[in-house]
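Worth knowing before you read on, the calculation uses all heavy atoms, side chains too, and leaves out hydrogens, waters and symmetry mates.
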Amino acid sequence: MSIVEPSVLELLKHSESRYTLVVEASKRGRQLVSGAQPMIDAREMKPLKVAVEEINRGLLSYTKPEDANAPQEA
């Protein structure tokens, strides 16, 4: 099964880049496999599909961590 709906272009509205989208979905998918409760009705859905649907519905938010190597302003 491939993820056709929602399209990547739709999902990118909720993420700053494809890389961030993949990291966000895979991280949430691992949480679900480890026993986290889904935020949607997830019957008959695999963990990655649940994660993608949660992202599409705007239920997950991602905050970019500050770069520890970035110069600090005085």
Side-chain angles (χ1 to χ4, degrees):
M1 179 180 125
S2 66
I3 297 175
V4 177
E5 287 294 328
S7 72
V8 173
L9 295 176
E10 289 178 53
L11 291 170
L12 284 173
K13 296 175 186 175
H14 303 283
S15 187
E16 60 188 41
S17 70
R18 288 176 187 241
Y19 175 79
T20 303
L21 179 63
V22 168
V23 170
E24 187 179 357
S26 64
K27 188 175 186 179
R28 179 61 178 153
R30 284 191 303 272
Q31 290 173 349
L32 292 165
V33 167
S34 295
Q37 293 298 313
M39 293 184 265
I40 62 170
D41 182 12
R43 286 182 245 159
E44 305 290 325
M45 293 173 75
K46 294 182 179 182
L48 184 58
K49 178 64 178 169
V50 174
V52 167
E53 190 59 37
E54 289 175 349
I55 292 168
N56 189 46
R57 293 184 188 186
L59 300 173
L60 292 179
S61 61
Y62 172 80
T63 55
K64 185 176 179 180
E66 290 189 32
D67 186 5
N69 299 324
Q72 300 291 323
E73 291 186 22

| note | Closest non-hydrogen atoms of Ala51 and Leu32, given as atom of the first, atom of the second and distance, are N-CD1, 4.0 Å
| So how far is it from Ile55 CD1 to Lys13 NZ, rounded to the nearest 0.5 Å? | 15.0 Å
| message | So, taking the atom named CG in Leu60 and the one named NE2 in His14, what distance separates them when rounded to the nearest 0.5 Å? | response | 10.5 Å
| Nearest heavy atoms of Val52 and Ala25, plus distance in Å | CG2-CB, 4.4 Å
| said: Hydrophobic clusters here meaning ILVMFWY residues chained together by side-chain heavy-atom distances under 4.5 Å, can you tell me if Val23 and Leu12 are in one? | reply: no
| query | Do Pro6 and Glu53 have side chains that get closer than 4.5 Å, going by heavy atoms? | reply | yes
| request: Only counting residues at least two apart or in another chain, list the ones meeting side-chain hydrogen bond (donor to acceptor under 3.5 Å, both in side chains) with Ser26. | output: none
| task | May I ask whether Val33 and Val22 are part of the same hydrophobic cluster, defined by side-chain heavy atoms of I, L, V, M, F, W, Y residues being less than 4.5 angstrom apart, directly or through others? | result | no
| message | Taking the side chain as everything from C-beta on, heavy atoms only, tell me whether Leu48 gets closer than 4.5 Å to Lys46. | response | no
| Could you state the interatomic distance from CG (Asn56) to CG (Leu21), rounded to the nearest 0.5 Å? | 10.0 Å
| Ion pair check, Arg28 and Glu24, cut-off under 4.0 Å | no
